[in-house]
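See structure below.
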Amino acid sequence: GLLLPQEMLFLFEIIHIYVILILTKLYDFHLGSVTESTLWRSTDYGSTYERMNDKVGSKTVLSYLYVCPSNKKKIMVLTDPEFESSVLISSDEGASYQKYRLSFYILSLLFHPTQEDWALAYSHDQKVSSMSFFHHSLLFDTVCIQYVTCQALICSEPNRNYPFPGYIDISSLVVQDDYMFIQVRLLKLNACSSTDRFPHPPAQVDLHIVSTDEHQVFAAVQEWNQNDTYNLYLSDTRGILFTLAMENVKTTRGLGGNQMLDLYEVAGIKGMLIANRRLDNQVKTYITYNKGRDWRLLQAPATDLAGNDIHCILPFCSLHLQLQTSENPYLSGSISTKASAPGIIVATGNIGSELSYNNVGMFISSDAGNNWRQIFEEEHNVWFLDKGGALVAVKQPTVPTRHLQISFDEGRQWTRHSFSLVPLFVDGMLVEAGTENQIMTFFGHFSHRSEWQLIKIDYKSIFNRKCTEGDYQTWHLHNKGEPCVMGQKQIYMKRRPGNYCMLGKDYAKVLSAESCICRAHDFECDYGYERRREGNCLPAFWFNPAVVSRSCSQGKNYLNSTGYRKVVSNNCIKGVKDMYTPRKQMCPNRAPKGLSLSTREGKLTADLHTNVTFLVHLDEVGLDGTAVSYSNLSWIEEGIRHVYKTAGIFRVSALAENTLGFDTTTLYLHVTCPVEHVQLLAPFVAIKNKEVNLTAVVWPIHSRTLNYFWWLGNSTEPVISLDGSISYTFTSEGMNTVTVQVSSANAILQDTKTIAVQEFFKSLLLSFSPNLDEYNPDVPEWRQDVGRVIKKALLQALGLPGCLLVAVFPGVPTAAELFLLPHKNQSEGRKKSEEELEQISEILASALNQNLVEFELKPGARVIVYITQLTLAPLVDSIPRHSSSAMLMLLSVVFLGLAVFLIYKFKRYVQYFMIISLNTIWQHCSNNLRRRWTPELNVRYIHRLINRF
């Protein structure tokens with residue numbers, strides 16, 4: 001055998017009847033990565049191997065090798081992307097290689113089934129490239145986003161088609177036989193495609209395609225209320241309409257963490273499946289012979305290996321099988337069948353009331369699951385030799401062995417042979433039957449620290465001749481005595497047990513197949529129908545049989561279901577076929593129904609100034625034609641296109657109508673653009689228990705498409721609003737922080753302000769000598785710094801005992817507001833504090849009017865602080881005082897009387913007084929507005945002047 005270093009990972013590829021390639025990789029458990037690789041090549045079917053590292057590069061680390069399915073002489077070998085990005089190409093069965101550098105890292109490779117020079121490469125950064133043995137070109141960038149169809153090598157945006165709206169799930173693309181599957185997310189719901197229909201459409205959590213042979217799709221769907229089970233669905237021949245075949249099929253978690261469905265399709269016999277189903281907290285094994293139409297339990301063997309009777313009565317006791325296929329391709333797994341040996345099933349299992357993984361044995365059936373026999377008490381790997389004419393068994397790799405066992409009579413008798421002098425942990429076997437040789441190759445290791453061993457065995461010598469006609473016997477396929485399986489009586493030809501002859505390459509396993517008369521069990525319930533206890537198929541509660549396919553148009557016919565459909569691939573004839581077959585009828589007249597509207601991407605949001613394509617779908621179209629109306633939209637072949645030039649929430653409606661009626665639908669589209677700036681407008685000082693307004697100014701302007709999160713004070717939960725303004729009342733004194741966060745699409749911006757909350761305060765409006773404006777960059781940081789300098793200048797010049805707060809306004813000319821706040825320790829003496837603030841206000845006003853307050857901005861640049869106007873901020877409390885209110889009302893009446901008297905007495909001078917006042921206001925405004933003021937400051941300044949005058 002071939003000795004290889006330990007800790008090797010294997011990859012076998014049989015290129016030709018004699019040529020074998022083996023790629024081994026050394027995995028360093030300390031580094032957690034592959035550090036070395038070796039490519040081996042044999043031209044005598046494993047007798048000798050040549051090391052090919054000098055042909056691919058002595059230091060090149062390889063990751064995977066691919067063989068072209070249409071021409072096995074062509075091979076691609078990928079380098080490990082952790083070291084370099086290259087591909088090595090051979091056209092002579094791996095004898096020589098040409099190395100090509102790549103600009104991307106290949107994750108996987110897919111050959112074209114017929115074009116030997118075509119391949120698709122998927123990269124680590126989610127890009128797809130088309131490759132040939134001579135060049136490559138980029139096809140898709142970030143292909144995990146949308147499903148796109150295009151012609152190979154011509155896949156630019158104008159040449160792409162988008163069959164489905166919305167985004168597809170990553171790695172959901174599956175191509176099997178005549179079908180192609182993707183999972184598309186439509187409004188947070190998964191769908192297999194845009195046309196697939198499941199009964200009472202489930203809230204799918206996961207979906208797997210089990211098989212697609214014989215023009216039918218088996219799909220396993222995990223629904224919202226399932227954890228470790230799936231429901232099995234079966235489609236019609238188009239792969240569109242699905243019916244339930246079995247509920248709660250068990251899953252098993254593999255070594256890599258992936259879930260594997262406990263469902264096995266028996267090779268060589270159509271329509272035969274075995275499944276493990278969870279029912280009433282027990283897992284039992286069931287078998288079907290008609291693609292899931294009927295299921296039954298497995299009859300346990302009558303005796304054990306020692307010949308003792310087994311008392312196992314259905315349905316309380318039965319045989320249960322483990323249905324996991326091996327993740328190692330070179331081991332047989334827990335169940336094994338072969339198409340060239342129909343009817344033979346070898347599996348690991350147990351006898352009892354439910355499936356168990358304790359006290360298991362090996363069982364075999366020679367008549368397609370009708371009867372079973374136990375062959376081993378321990379788990380074995382079992383392989384088929386000579387097209388199933390012989391069986392070879394080796395113990396599981398957890399137990400070292402130097403023997404193998406071979407049976408020529410379908411497991412009734414076994415002969416033991418030694419294949420190694422030292423017990424070997426068998427990690428796999430490679431079997432490939434040829435026309436001129438019969439070779440099996442074992443690989444494994446003697447111990448966990450030993451080198452790997454490859455042992456080649458030629459088993460041709462155990463056959464003394466080729467089989468002749470007298471060496472065969474017939475076998476009739478049946479289901480518990482019923483000879484008609486899938487509508488046919490099938491007769492197979494098998495080698496007589498115990499005959500040591502070799503099957504020829506022209507061996508034909510099916511001798512004859514005769515169609516049966518159709519009976520009820522040849523038909524299953526059609527889409528939308530459920531089988532009741534009495535056996536009849538009746539409409540499900542969610543299904544309306546009167547609904548006709550939308551493809552039904554005027555002058556055409558449609559097939560009206562009887563509630564039944566023949567099992568796909570069932571070959572029965574006559575009998576009840578006409579009674580159960582759908583009847584042809586004329587398409588009825590009807591109004592449009594099922595109108596729906598969506599965007600091509602399946603989203604309800606769009607970016608500003610981008611094309612939005614709307615797709616209109618109608619389930620039922622009237623016979624006399626249906627018109628869909630729209631306005632201000634551009635019609636294109638793929639849908640209706642429109643560009644929104646303003647942000648906001650837009651209502652998009654569609655109307656479908658004909659002479660029999662109409663249908664409408666509405667979609668609300670959120671058109672957004674990125675928020676670039678957020679500014680929080682809030683007062684610098686607020687009165688306790690008095691409502692204040694907080695406003696978030698957003699640029700650019702949005703309309704109802706933003707979410708505002710207001711964090712107020714020490715609150716742990718935000719106030720959420722759709723409007724940029726809220727009102728809030730602070731209930732405690734002190735410094736309170738207000739933060740507003742604006743959420744737009746995937747971006748969040750915020751601004752923060754600090755508000756001083758007091759029961760009362762005084763304020764003065766300040767202005768400055770014009771030279772300050774020359775140094776004003778109009779940024780928040782500068783305003784904060786200047787505010788601290790002004791406060792310091794006021795305290796130094798006057799030595800005031802009160803608390804000061806200076807807030808510099810945005811814009812120029814530079815202006816600020818000075819707030820006089822009471823001391824915290826004086827809150828209890830309200831009257832005394834008010835008197836102190838009044839005195840401080842008078843002192844400040846006097847000093848500022850005399851130009852006594854100034855500060856040096858920089859050497860040679862001194863700025864004088866002026867008083868502009870005493871503000872109207874009152875010395876108020878949240879508690880009303882009735883005596884003061886009454887006095888104010890009395891004074892108001894007196895002053896009102898005086899005003900009426902003066903107007904009457906001096907009415908000819910009133911107009912002149914008003915003109916003088918307004919002219920004075922305009923003079924003050926024009927003197928200050930000649931410079932660059934912000935709109936916010938203009939409004940505030942004019943408001944204060946009007947109040948003053």
Side-chain angles (χ1 to χ4, degrees), residues 680-688 690 692 713 730 732-738 752-769 772 775-776 779-811 813-857 862-877 937 940-941 944 948:
L680 175 60
L681 302 181
F684 297 100
V685 182
I687 298 175
K688 176 183 173 182
K690 288 290 185 180
V692 296
F730 293 95
S732 60
E733 292 183 77
M735 304 302 292
N736 288 267
T737 300
V738 177
T752 301
K753 290 289 188 295
T754 300
I755 301 176
V757 178
Q758 298 290 335
E759 288 192 0
F760 52 89
F761 66 90
K762 272 284 188 178
S763 68
L764 299 172
L765 192 64
L766 305 178
S767 59
F768 308 91
S769 52
L772 180 61
Y775 303 99
N776 186 352
V779 294
E781 293 79 9
W782 183 87
R783 291 193 289 270
Q784 292 176 5
D785 294 339
V786 170
R788 286 192 293 267
V789 173
I790 297 170
K791 178 180 177 180
K792 183 178 179 181
L794 288 168
L795 293 175
Q796 289 178 349
L798 304 176
L800 297 174
C803 296
L804 303 183
L805 177 64
V806 177
V808 180
F809 299 129
T814 308
E817 189 164 8
L818 172 63
F819 296 93
L820 306 177
L821 308 179
H823 284 289
K824 293 182 179 180
N825 57 3
Q826 293 181 353
S827 297
E828 295 180 358
R830 168 67 184 267
K831 185 175 181 181
K832 184 179 179 180
S833 297
E834 291 181 358
E835 292 175 354
E836 286 184 357
L837 288 187
E838 289 287 357
Q839 292 175 2
I840 295 172
S841 176
E842 293 174 0
I843 295 172
L844 276 173
S846 175
L848 292 171
N849 286 330
Q850 298 177 45
N851 299 338
L852 298 179
V853 180
E854 63 179 5
F855 61 90
E856 188 175 49
L857 190 65
R862 301 197 65 81
V863 179
I864 301 174
V865 184
Y866 306 102
I867 182 172
T868 303
Q869 145 147 35
L870 189 65
T871 66
L872 300 179
L875 288 167
V876 297
D877 185 8
L937 188 56
R940 181 179 299 183
Y941 186 71
R944 294 186 181 278
R948 179 180 177 183

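Starting from 1, each residue takes its place in the sequence as its number. Predicted, not measured: the structure shown is a model, and the values here were computed from it.
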Worksheet item: Do Val757 and Ser732 come within less than 4.5 Å of each other through their side chains, counting heavy atoms only?
Response: no
Worksheet entry | Interatomic distance, Ile867 atom CD1 to Ser841 atom OG [nearest 0.5 angstrom] | 7.0 Å
Item to complete: With rounding to the nearest 0.5 Å, note down the distance linking CD in Glu733 to CG in Leu821.
Response: 10.0 Å
Discussion item. If I take atom CG from residue Leu764 and atom OG1 from residue Thr868, how far apart are they, to the nearest 0.5 angstrom?
Written reply: 9.5 Å
Worksheet item: Which heavy atom of Val806 sits nearest a heavy atom of Ala816, and at what distance?
Response: CG1-CB, 4.3 Å
Practice prompt. State, yes or no, whether a side-chain contact exists between Leu804 and Leu820 at a heavy-atom distance under 4.5 Å.
Written response: yes
Discussion item. Could you report the tightest heavy-atom contact between Ile755 and Pro683, atom names first, then the distance?
Written reply: CG1-O, 3.3 Å
Worksheet item: How far apart are the closest heavy atoms of Gly811 and Asn776, and which atoms are they?
Response: O-ND2, 3.3 Å
Worksheet item: Just wondering, do Trp782 and Thr814 contact through their side chains at under 4.5 Å, heavy atoms?
Response: yes
Item to complete: Compare all side-chain heavy atoms of Val789 with those of Lys792 and state whether any distance is below 4.5 angstrom.
Response: no
Fill in: Ring geometry between Phe684 and Phe809 (parallel below 30°, tilted from 30 to 60°, perpendicular above 60°)
tilted
Worksheet item: Taking side chain as C-beta onward, heavy atoms only, is Tyr866 less than 4.5 Å from Leu848?
Response: no
Discussion item. In the structure I gave you, are the side-chain heavy atoms of Pro810 and Arg783 within less than 4.5 Å of one another anywhere?
Written reply: yes
Practice prompt. List the steps, then state whether side-chain contact (heavy atoms from CB on, under 4.5 Å) holds for Leu794 with Leu844.
Written response: CA-CA 8 Å; Leu794 288 168; Leu844 276 173; 4.0 Å; yes
Discussion item. Please find the pair of heavy atoms, one from Ala793 and one from Glu854, that lie closest to each other, and give the distance.
Written reply: CB-O, 3.8 Å
Worksheet item: Roughly how far, to the nearest 0.5 Å, is CD of Gln758 from CG of Leu805?
Response: 9.5 Å
Discussion item. When you compare the side chain of Val808 with that of Ile790, does any pair of heavy atoms fall below 4.5 Å?
Written reply: yes
